[in-house]
Amino acid sequence: MSVRPGTPERTLNDLTLHLTSRSSPVAEHVRVRFAPSPTGHLHIGGARTAIYNWAFARHHGGTFVLRIEDTDPERSTEENTRAILRALEWLGLDYDEGPGVGGEYGPYFQTQRFESYTKALERLKANAAAYPCFCAPTELEARREASRAKGGFAGYDRTCRSIDPDVAAGRVAAGEPHVWRLKVPENRGAITFADAVRGDVTFPADAVDDLVLVRTDGTATYNFAVTIDDATMAITHVIRGDDHLSNTPKQILIYEALGEPIPVFGHLSMILGSDGKRLSKRHGATSVEAYRDHGYLPEAVMNYLALLGWSLDGETTILSRETLAENFSLDRVSSNPAIFDEEKLDWLDGVYIRELSASGFVDRMVPWLEAAGLADAGDVASRREWFEELAPLVAERIKRMDEIAGVVGFLFKDPITITQEAKEKVLMREGAARSLEAAADVLSQLETFDAASVEATLRSLPEPLKLKPKVVFQAVRVAVTGAAVSLPLFESIALLGKARTLPRLHDAHIWATP
RNA sequence: GGCCCGUUCGUCUAGCGGUUAGGACACCGCCCUCUCAAGGCGGAGAUCACGGGUUCGAAUCCCGUACGGGCUACCA
């Protein structure tokens, strides 16, 4: 078979030919979903799953559905739901159906879909594809342990499956507590499906037991609920985490019992921490919003995550949202787990920061200046040109936006404090005092106080002073910026202005060695 | 225990029977240079987890082993 999953160009003939075989995943209008559980913030791994679903939908001109799996009342909160929505928006992952935007297949909160689970169960009962089970949980547990001790399969032993249907119906009618289990066909055989990222995956027939669909309290179990949701939402491709791979055969059996078309599954490997262990709190930031708060640009996070487990060609490292959507395919998704490399994210973020225009950088800089108490939106608006001159200077030197304050602080504070290290290593060197005096002298006479003039003036200093340029410039730098490492000197001085530069030169003088 | 998935430079990956195993981050060196960056050039770094096959030929196909992970619930 030459037609591979994700290959868009196919003929009508191919379509009809493979409609029944499921080997033609792009046969219908693509509908994918991202189904987070609002039990916490949007996790890095979840974000990547969302990105792949989004990209897959966009690539095929399909529909990207957002469904909130809020059926765990203990841990689900509305605040978490809002945070997830916020994170998706921040990443620029727009969805076509879901909370807030609606759609024909709603509602998009699992807690509002109970009715469809009931209906599905009715259909199953009508087909004799589900049966009530009266076994007590404790009893089940004991039998499971016993069977596992013997070294074999530990699933349900099908005790209640053999109860006469009429008798069972009577017990149910009498109000005896029971769950509803799937009646897995006797002759079903091994379950094989073509995973879009892993290829054929086969589970032996006896690997799946008569799983519980509906609990004693009448609520649907996870596997039942997702399957019904995906079926009723006409999801064609289920792209999700690796941890659901073993759930897939169960879900396939439910689709079959219902007579619903089985979607194409694609299982993504997990993202690991730097120690190769599952990414967790111990590894620091794991939520998307934490990365936002650390000053990462959404396009960088998106780019990094897109490449963590997928590649365009093995060469391309910088790619836009559009390029991703254009080129994304499941067959180029890697099937092995990936370690999250914060250093590479940092580098990528730096790339995106440098790509920003001066104006764009200023816009993004505002919240960080405000957070540091250096300037507010009003200051920026009133001195827009000044900030735009500053922008490229800092953009070239930071990897994350939260580094801004540290780099530009000296431009906003008067007086400044000079670091101890700078005093010792620079100002206490011979010639420092003379350098400051000379610099103050020439700069005070300067009329046009721009970077070029400042540079020309200062460059004339070392020779008559018989000092190395570095000695002179470093002394001035420390006096003006407070540190031995700073933004470019001449530009910094120009930005600071004569009135604020001169006093700094004088103030630093007391520390300086002649 | 059973079942399933995974294993290419430190990291992310390219590779889909024949390549000097390519790229990116990180690292090292040089250049540029007022510091720091950025940028340019170059370097080091992978016995393709291991062991068997198949083949003229295997990182690529098959089998096993080891290690890692997932599932095995009336959690999701």
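Reminder, nothing fancy here: chain letters follow the sequence lines and each chain counts from 1.
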Q) Do any of residues 481-489 of chain A sit with a heavy atom less than 4.0 Å from RNA chain B, and if so which? A) A:Ala484, A:Val485, A:Ser486, A:Leu487, A:Pro488, A:Leu489
(Q) Just to be sure I understand the geometry, which residues of residues 449-472 of chain A put a non-hydrogen atom under 4.0 Å away from RNA chain B? (A)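 Contacts with RNA chain B under 4.0 Å: A:Arg459, A:Lys470.
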Q: Go through the side-chain N and O atoms of A:Thr192 and A:Asp200 and say whether any donor and acceptor fall under 3.5 Å apart.
A: no
Q. Any chance the side chains of A:Arg113 and A:Thr71 put a donor and an acceptor closer than 3.5 Å?
A. no
As a test of reading the structure: which of [options] is closest to the side chain of [X], going by heavy atoms?
X        : options             : result
A:Glu315 : B:A73, B:C5, B:G22  : B:G22
A:Glu396 : B:A37, B:C3, B:A76  : B:A37
A:Trp347 : B:A26, B:C71, B:C34 : B:A26
A:Arg181 : B:C12, B:C74, B:A26 : B:C74

Q. Who passes salt bridge (charged side-chain N to carboxylate O under 4.0 Å, His left out) against A:Glu69, sequence neighbours left out?
A. A:Arg67
Q. Is there a side-chain polar atom (N or O) of A:Lys399 under 4.0 Å from OP1 or OP2 of B:A38?
A. yes
(Q) For A:Tyr52 and A:His237, I'd like to know if the aromatic rings sit close, meaning centre-to-centre distance below 6.0 Å. (A)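 Ring-ring flag for A:Tyr52/A:His237: false, centres at least 6.0 Å apart.
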Q: Nearest whole angstrom, please: distance from the P of B:C71 to the CG of A:Asp209.
A: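 It works out to 16 Å between those atoms.
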Q. Between B:C25 atom C1' and A:Leu307 atom CG, what is the distance in whole Å?
A. 11 Å
Q | The single option from A:Leu213, A:Asp230, A:Val226, A:Ile262 passing side-chain contact (heavy atoms from CB on, under 4.5 Å) against A:Ile254 | A |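 Going through A:Leu213, A:Asp230, A:Val226, A:Ile262 one by one, the side-chain contact (heavy atoms from CB on, under 4.5 Å) with A:Ile254 is satisfied by A:Leu213 alone.
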Sequence neighbours left out, cut at 3.5 Å: what donor-acceptor pairs do the side chains of residues 133-141 of chain A make with other protein atoms?
from	atom 1	to	atom 2	distance (Å)
A:Glu139	OE2	A:Arg143	NE	3.1
A:Glu141	OE1	A:Arg144	NH2	3.0

Q | Complement of B:C61, any strand, by Watson-Crick or G-U distances under 3.5 angstrom | A | B:G53
Q: Report the residues that fulfil ring pair (Phe, Tyr, Trp, His ring centres under 6.0 Å) with A:Tyr108, sequence neighbours left out, ordered by chain and then residue number.
A: none
Q: Can you sort out the partners of A:Phe265 under ring pair (Phe, Tyr, Trp, His ring centres under 6.0 Å), two or more places apart, ordered by chain and number?
A: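 Residues passing ring pair (Phe, Tyr, Trp, His ring centres under 6.0 Å) with A:Phe265: A:Phe193.
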Using a distance-only criterion (donor-acceptor N/O pair, under 3.5 Å, no hydrogens), is the base of [N] paired with the side chain of [X]?
X        : N     : answer
A:Ser269 : B:G6  : no
A:Lys344 : B:A24 : yes
A:Arg477 : B:C34 : yes

(Q) Using a 4.0 Å heavy-atom cut-off, does A:Asn336 contact any base of the nucleic acid, only the sugar-phosphate backbone, or nothing at all? (A)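 The answer is sugar-phosphate, as A:Asn336 gets under 4.0 Å only of primed atoms, P, OP1 or OP2.
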(Q) Does this structure show an ion pair linking A:Arg400 with A:Asp349, if we count only N-O contacts that are shorter than 4.0 Å? (A) no
